[in-house]
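All remarks here apply to the structure that follows.
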Amino acid sequence: MRKTALISTPHLICYGFAIAAVLGLAPGASQAAEESKSDTIGPWEIAATFKSDKFDRCSISRKVDDDIVADFVRTDDGLSLVLSSPNWKLDRGKQYPVKINLGSLSFDDQVAAEANSVSIDIKDKKFTTGMRSASALNVVGAGATIRVPLDKSRAAFDRLDECVEKNSKAVQTNPFVAPARQP
């Protein structure tokens with residue numbers, strides 16, 4: 001009997017499985033770099049972010065006026081406020097002067113800029129505590145005041161603290177099982 005096909009049917013099936021396996025792995029490989037899990041409380045989205053299966057940070061974020069997103073990021077090192085907008089054209093690496101107001105509390109700072117975001121470290125414990133009960137946080141720059149409403153912030157900041165506590169101190173008892181990831 002003479003074979004006319006270049007590749008036999010069993011070989012085609014094996015090649016088909018090999019191609020499907022490779023295609024199935026491609027999305028998983030990109031997710032290994034950074035993965036996040038999120039939940040919501042009122043207007044706040046809470047997220048835990050992992051890089052290469054290692055805890056990186058927790059954050060709470062919400063949209064405010066003019067496509068601006070306010071993102072409070074907590075790591076083991078502390079708390080930062082990141083304000084971003086796709087409409088901003090900032091000089092990367094430049095420091096911009098701002099005044100941060102929270103009721104009667106305020107401080108002046110220099111914010112570090114990226115192309116469309118600025119980052120502010122919040123180090124004052126009294127200020128951090130005040131954000132849980134204040135109605136709004138104002139960031140006053142040379143050209144505008146950005147108002148960040150703080151409704152439901154007590155629950156959101158409590159959840160942010162829990163997120164960091166749960167994920168940064170996770171102890172693996174089985175080295176073959178990834179730890180539970182919780183926002």
Step-by-step side-chain contact (heavy atoms from CB on, under 4.5 Å) determination, Met131 to Phe72: CA-CA 11 Å; Met131 287 190 296; Phe72 289 95; 3.6 Å; yes

Chi angles and distances behind the side-chain contact (heavy atoms from CB on, under 4.5 Å) call for Asp39, Trp44: CA-CA 9 Å; Asp39 196 4; Trp44 299 97; over 6 Å; no

Are Val164 and Thr75 close enough, and set up right, to give a side-chain contact (heavy atoms from CB on, under 4.5 Å), and what steps lead you there? CA-CA 7 Å; Val164 172; Thr75 62; over 6 Å; no

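Nearest heavy atoms, Ser59 versus Asp71: CB-OD1, 3.3 Å. Contact record, Asp67 with Pro86: O-CD, 3.5 Å, taken as the closest heavy-atom pair. In this structure, Asn167 and Cys58 approach most closely via the heavy-atom pair ND2-SG, 4.2 Å. Between Ser153 and Ser133, the closest heavy-atom pair is OG-N, 4.4 Å. Summarising the geometry of Ala134 relative to Leu102, their closest heavy-atom pair is CB-CD1, 3.3 Å, with the distance given to 0.1 Å. What you find for Ile60 and Ala156 is that their closest heavy atoms are CG2-O, 3.7 Å.
Under the 4.5 Å side-chain heavy-atom criterion for grouping Ile, Leu, Val, Met, Phe, Trp and Tyr, Ile120 is not connected to Val82 through any hydrophobic cluster. Both Leu83 and Ile122 belong to a common hydrophobic cluster when Ile, Leu, Val, Met, Phe, Trp and Tyr are linked at side-chain heavy-atom distances under 4.5 angstrom. Using a 4.5 Å cut-off between side-chain heavy atoms of Ile, Leu, Val, Met, Phe, Trp and Tyr, with links allowed through other members, Phe127 and Val148 fall into the same hydrophobic cluster. With hydrophobic clusters built from ILVMFWY side chains whose heavy atoms lie under 4.5 angstrom apart, Leu81 shares a cluster with Ile41. Clustering ILVMFWY residues whenever any of their side-chain heavy atoms sit less than 4.5 angstrom apart, transitively, puts Ile100 in the very cluster that holds Tyr96.
In this structure a side-chain-to-backbone donor-acceptor pair under 3.5 Å is missing from Ser52 to Lys54. Judged purely by atom type and a 3.5 angstrom limit, Asp124 uses its side chain to pair as donor or acceptor with the backbone of Lys126.
By the 4.5 Å heavy-atom criterion applied to side chains, Pro149 and Val64 are counted as neighbours.
Using a cut-off of 4.0 Å between Lys/Arg side-chain N and Asp/Glu carboxylate O, Arg62 and Asp151 are scored as salt-bridged. Of the charged side-chain nitrogens involved, at least one lies within less than 4.0 Å of a carboxylate oxygen, so that Arg132 and Asp161 count as a salt-bridged pair.
The structure places CG of Leu137 at 8.0 Å from CG of Asn101, a figure rounded to the nearest 0.5 Å. Here the CG atom belonging to Asp77 is positioned 9.5 Å from the CG atom belonging to Asp121, to the nearest 0.5 angstrom. Rounding to the nearest 0.5 Å gives a distance of 13.5 Å between CZ of Arg57 and CG of Leu79. For the atom pair Arg74 CZ and Glu165 CD, the distance stands at 11.0 Å (nearest 0.5 Å). Atom-to-atom distance recorded for Trp88:CH2 and Ile68:CD1 is 4.5 Å, nearest 0.5 angstrom. Here Ile146 contributes atom CD1 and Asn138 contributes atom CG; the two are 10.0 Å apart, rounded to the nearest 0.5 Å.
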